[in-house]
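Beneath this line is the structure, given in structure tokens, with notes to follow.
Letters A, B, ... mirror the listed sequences (proteins, then strands); counts begin at 1.
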2 protein chains.
Amino acid sequence: MEQRKISRAVISRLPRYYRYLGDLLEAGVERISSSDLSKKMHVTASQIRQDLNNFGGFGQQGYGYNVKYLYTEIGKILGLDRSHNFIIIGAGNLGQALANYASFERSGFILKSLFDVNPRLEGVTIRGIPVRMVDELKDFLKNNDIEIAALTLPKSKAIEVADILVDNGVKGIWNFAHTDLSLPKDVVVENVHLSDTLMKLSYNLCQQDKE
Amino acid sequence: MEQRKISRAVISRLPRYYRYLGDLLEAGVERISSSDLSKKMHVTASQIRQDLNNFGGFGQQGYGYNVKYLYTEIGKILGLDRSHNFIIIGAGNLGQALANYASFERSGFILKSLFDVNPRLEGVTIRGIPVRMVDELKDFLKNNDIEIAALTLPKSKAIEVADILVDNGVKGIWNFAHTDLSLPKDVVVENVHLSDTLMKLSYNLCQQDKE
DNA sequence: TAGATTGTTAATCGATTAACAATC
DNA sequence: TAGATTGTTAATCGATTAACAATC
């Protein structure tokens with residue numbers, strides 16, 4: 001592949017660009033310069049141009065960037081132009097919160113089922129999507145093409161469930177469990193450790209107090 | 001203050017150290033070297049020593065680090081040795097998920113109330129903690145010492161609510177709303193944009209496909 | 001004391017910013 | 001054409017890794 005290796009820092013900025021461009025698009029803005037966008041986003045214009053140029057020349061000298069075009073292109077880079085089937089393991093509060101967040105659907109993430117061990121949740125549906133029991137998981141994966149699984153369950157269960165998922169073809173894990181997973185390197189893991197972010201907030205509050 | 005400016009990258013690694021040390025502590029491990037810890041965590045020993053030395057010499061040559069001591073010290077750095085009153089604005093699924101996550105309590109984060117606009121939630125309690133109506137928010141803040149607020153509400157409401165919070169003494173905002181907040185610089189904002197993390201996952205899946 | 005391992009300095013690597021020629 | 005703004009190279013800045021003297 002001629003593709004340069006894109007740094008993690010660049011990738012993690014793309015969703016934010018995408019969000020701002022979406023807002024501009026909604027506001028009916030047709031074009032924007034890196035300089036104007038940089039003021040809105042509180043980053044340097046240099047960084048914007050440098051970031052975008054990792055993927056090709058999306059702009060035009062003397063004009064700037066076409067909002068609609070750039071929005072679409074970043075969407076493609078992020079893989080939002082195709083659909084991704086996903087499931088949620090753990091239908092507790094957090095799992096249900098994710099299941100109810102219909103906006104994912106608009107970005108192409110299609111929720112196919114939730115799973116839980118709690119028999120009281122058997123047969124419950126959320127936005128019409130059923131909660132199944134974890135013992136049906138393996139069968140379900142064999143019969144459905146599931147790309148992504150969100151893990152919203154206690155860390156004690158997370159590791160064994162992750163193994164089942166990976167053994168049955170799941171390629172990406174959105175991990176909310178409070179533990180790191182070690183999985184084959186062709187499996188993509190995105191960790192969301194909520195309590196880590198609360199601790200960072202707490203640290204920064206303490207710093208403020210010192211000033 | 002003699003305190004050097006600590007980089008954001010270092011801070012964001014602290015909660016992970018804290019988690020691993022907690023696990024070691026639970027497993028009854030008394031001491032650990034940077035080298036052993038580096039193997040567990042898949043980072044370099046150099047980085048661990050460099051990171052910790054930002055805050056002082058917690059180790060001992062020839063011995064390593066005392067797990068209990070280091071755990072406690074990192075806890076102090078993160079401000080987990082004191083308690084932080086917090087509230088949740090938006091008692092939907094995500095707000096309730098956070099409210100039910102009792103582990104925060106163990107780290108010193110004390111949930112005092114939830115707020116919502118939905119009258120059907122009036123009087124509902126979660127783990128004994130009441131949901132109040134947002135129009136009582138200002139009064140509540142005046143009569144209670146609230147340091148942190150989690151924003152788990154639609155972005156359309158987030159900005160105005162954030163202003164009320166800040167005007168009434170809230171110092172830290174844990175922002176789950178899908179928008180950036182621009183607030184006075186003495187207010188600490190920690191953004192948790194869940195959909196951004198899902199997009200990163202999606203990007204990395206696409207990269208895998210190309211290999 | 002000898003061995004182990006830190007704390008810390010120096011070297012490397014990578015990411016951000018500045019500058020400007022290319023070009024719409 | 002002149003002005004604006006990109007794409008891209010070069011300069012700076014910061015973070016990570018390597019190395020080793022200090023020391024328990």
Check: Do the ring centers of A:Phe109 and A:Trp174 come within less than 6.0 Å of each other?
Finding: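 Ring centroids of A:Phe109 and A:Trp174 are no less than 6.0 Å from each other.
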Side chain [X], main chain [Y], donor-acceptor under 3.5 Å:
X        : Y        : value
A:Ser113 : A:Ile87  : no
A:Ser202 : A:Leu198 : no
A:Arg82  : A:Gly108 : no

Note to self: Tell me if the side-chain of B:Ser7 makes a donor-acceptor pair with the base of D:dA15, cut-off 3.5 Å, by modelled atom types.
What the structure shows: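 Side chain to base: no pair below 3.5 Å.
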Item checked: Donor/acceptor link under 3.5 angstrom from B:Gln50 side chain onto base of C:dT6 ->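 Counting by modelled atom types and ignoring angles, no donor-acceptor contact under 3.5 Å is found here.
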Quick one: are [X] and [Y] in side-chain contact, heavy atoms under 4.5 Å?
X        : Y        : result
B:Leu80  : A:Met199 : yes
A:Asn168 : A:Lys142 : yes
B:Leu201 : A:His84  : no
A:Leu98  : A:Phe104 : yes
A:Leu70  : A:Asn66  : no

Can you check whether [X] has a side-chain N or O nearer than 4.0 Å to OP1 or OP2 of [N]?
X       : N      : value
B:Ser34 : C:dT6  : yes
A:Arg13 : C:dT16 : yes
B:Thr44 : D:dT17 : yes

Just the rounded figure in Å: distance from [atom2] of [N] to [atom1] of [X].
X       : N      : atom1 : atom2 : answer
A:Asp36 : D:dA4  : CG    : P     : 12 Å
B:Asp51 : D:dA18 : CG    : P     : 15 Å
B:Leu70 : C:dT5  : CG    : C1'   : 15 Å
A:Ile11 : C:dT16 : CD1   : P     : 12 Å
B:Lys5  : D:dG14 : NZ    : C1'   : 13 Å
B:Phe58 : C:dG7  : CZ    : P     : 9 Å
A:Gln47 : C:dG14 : CD    : C1'   : 13 Å
B:Tyr65 : C:dA4  : OH    : P     : 18 Å

Quick one: which protein N/O atoms are closer than 3.5 Å to N/O atoms of nucleotides 22-24 of chain C? Pair and distance per line, please.
residue : atom : partner : partner atom : Å
C:dC24  : O3'  : A:Gln60 : OE1          : 3.1
C:dC24  : O2   : A:Gln61 : O            : 3.4

Check: Under 4.0 angstrom, heavy atoms only, what part of the nucleic acid is B:Ser46 near: base, sugar-phosphate, or nothing?
Finding: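 The answer is base, as B:Ser46 lies within the cut-off (heavy atoms under 4.0 Å) of a base atom.
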Notebook entry, point to check: Which nucleotide sits closest to the side chain of A:Asn53: C:dT16, D:dT8, D:dT16?
Noted result: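 Looking only at side-chain atoms, A:Asn53 lies closest to D:dT8.
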Checklist line | Residue closer to the 5' end of DNA chain C, A:Val10 versus B:Arg49 (nearest nucleotide) | finding: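 Going by which nucleotide is closer to the 5' end, it is B:Arg49.
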Checklist line | Salt bridge A:Asp180-B:Arg16, side-chain N to carboxylate O under 4.0 Å | finding: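 Looking at B:Arg16 together with A:Asp180, the answer is yes, because their closest N to O distance falls below 4.0 Å.
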Notebook entry, point to check: For DNA chain D, what are the stems built from at least three Watson-Crick or G-U pairs in a row, each pair having both distances below 3.5 Å?
Noted result: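 Consecutive-pair runs (3 or more) involving DNA chain D: C:3-24 with D:3-24.
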